[in-house]
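Read through the structure below, which is laid out as structure tokens, and then see the notes.
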Amino acid sequence: MSLSFGFFSDAALTTPITTPLQFLQAISSPVAEDKTIYFGSAVASRVCEADSNPGVDAVTVSIVDSAGGSGSPATDVKLALSSVGLGSATGGATLALPATINSGSGNAVPIYIRVLDSTHAGGLNLDLSLQTNTLRETPV
């Protein structure tokens with residue numbers, strides 16, 4: 001069974017993110033690009049937890065580099081639970097979300113992302129994506 005929980009581009013959880021992180025590197029001395037996405041489910045009366053130890057282990061988000069050695073490395077991406085947290089976040093580090101996440105747009109978890117391409121090569125980078133640990137979804 002597939003999970004209804006996932007990444008969305010809006011807080012109302014109406015637009016799922018189905019592609020890798022996309023960012024355009026157009027100049028040789030870039031500035032950081034910040035985005036906010038949301039983790040959650042619009043399906044009513046559901047709860048999401050880590051499959052390893054439900055309700056105890058955190059739901060985690062990791063950065064995956066599908067083309068190591070080309071394009072931006074995972075360390076070019078910082079994840080945080082607040083925009084202020086991006087300043088002290090470590091590039092490439094896993095982000096811990098709550099151990100239990102209820103469905104519904106009011107429970108969507110914002111994930112703040114900062115990308116600063118270290119390659120300084122112009123072009124569209126599509127080799128980075130987000131992945132969670134193994135999760136389970138159950139009815140409330």
Side-chain angles (χ1 to χ4, degrees):
M1 178 179 148
S2 66
L3 295 175
S4 67
F5 281 82
F7 299 106
F8 293 82
S9 61
D10 62 317
L13 305 175
T14 60
T15 308
I17 297 173
T18 58
T19 60
L21 296 176
Q22 296 183 28
F23 60 97
L24 181 63
Q25 176 65 40
I27 56 174
S28 60
S29 56
V31 295
E33 180 181 344
D34 290 359
K35 294 181 181 184
T36 305
I37 64 169
Y38 301 85
F39 183 81
S41 170
V43 176
S45 302
R46 307 296 289 175
V47 65
C48 177
E49 298 171 313
D51 193 48
S52 56
N53 195 358
V56 177
D57 291 349
V59 171
T60 60
V61 178
S62 302
I63 305 150
V64 177
D65 185 353
S66 65
S70 67
S72 289
T75 54
D76 283 355
V77 181
K78 293 181 175 186
L79 303 174
L81 294 174
S82 69
S83 59
V84 172
L86 287 171
S88 60
T90 300
T94 297
L95 178 66
L97 305 183
T100 300
I101 301 171
N102 292 313
S103 63
S105 60
N107 296 310
V109 179
I111 299 172
Y112 296 83
I113 303 171
R114 177 169 291 159
V115 179
L116 180 56
D117 185 9
S118 64
T119 67
H120 302 288
L124 184 63
N125 293 300
L126 299 171
D127 62 325
L128 300 174
S129 61
L130 298 177
Q131 172 181 297
T132 64
N133 51 338
T134 304
L135 303 174
R136 73 167 48 176
E137 179 177 324
T138 54
V140 176

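In this text the structure is predicted, and so the values were computed from the model without any measurement.
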**Message:** Between Asn133 and Ser62 (side chain of the first, backbone of the second, donor and acceptor by atom type, cut-off under 3.5 Å), is there such a pair?
**Reply:** no
**Asked** Between CD of Gln131 and CZ of Phe7, what distance do you get to the nearest 0.5 Å?
**Response** 8.5 Å
**Message:** The test is side chain to side chain contact (heavy atoms under 4.5 Å, CB included); show your working for Leu135 and Asp51 and say whether it passes.
**Reply:** CA-CA 5 Å; Leu135 303 174; Asp51 193 48; 5.9 Å; no
**side chain to side chain contact (heavy atoms under 4.5 Å, CB included) between Leu130 and Ile37, worked out** = CA-CA 11 Å; Leu130 298 177; Ile37 64 169; 3.3 Å; yes
**Message:** Has Asp76 got a side-chain atom pairing as donor or acceptor with Ser118's backbone, closer than 3.5 angstrom?
**Reply:** yes
**Request:** Any chance you could lay out the side chain to side chain contact (heavy atoms under 4.5 Å, CB included) test for Phe39 and Thr132, step after step, and finish with the verdict?
**Result:** CA-CA 10 Å; Phe39 183 81; Thr132 64; 3.8 Å; yes
**Message:** Quick check for you: to the nearest 0.5 Å, what is the distance between Leu95 atom CG and Thr90 atom OG1?
**Reply:** 11.5 Å
**Asked** Say you draw a straight line from OG1 of Thr134 to CG of Asp57; how long is it, rounded to the nearest 0.5 Å?
**Response** 11.0 Å
**Asked** About how many Å separate CG of Leu3 and SG of Cys48, when rounded to the nearest 0.5 Å?
**Response** 6.0 Å
**Fill in**
What one should report as the nearest heavy-atom pair of Ile63 and Val77 is CD1-O, 3.4 Å
**Asked** Below 4.5 Å, heavy atoms only, C-beta onward: do Ile111 and Leu97 meet side chain to side chain?
**Response** yes
**Request:** Establish whether Val109 and Leu86 are linked, either directly or via other cluster members, by ILVMFWY side-chain heavy-atom contacts under 4.5 Å.
**Result:** no
**Item:** Exam field: side chain Asp10 to backbone Thr15, donor-acceptor pair closer than 3.5 Å
**Value:** yes
**Message:** We want to know whether Ser4 and Ser41 form a side-chain donor-acceptor pair, criterion being a heavy-atom distance below 3.5 angstrom.
**Reply:** yes
**Asked** Going by side-chain heavy atoms closer than 4.5 Å, which hydrophobic residues are tied to Leu13, directly or by a chain of links?
**Response** Phe8, Tyr38
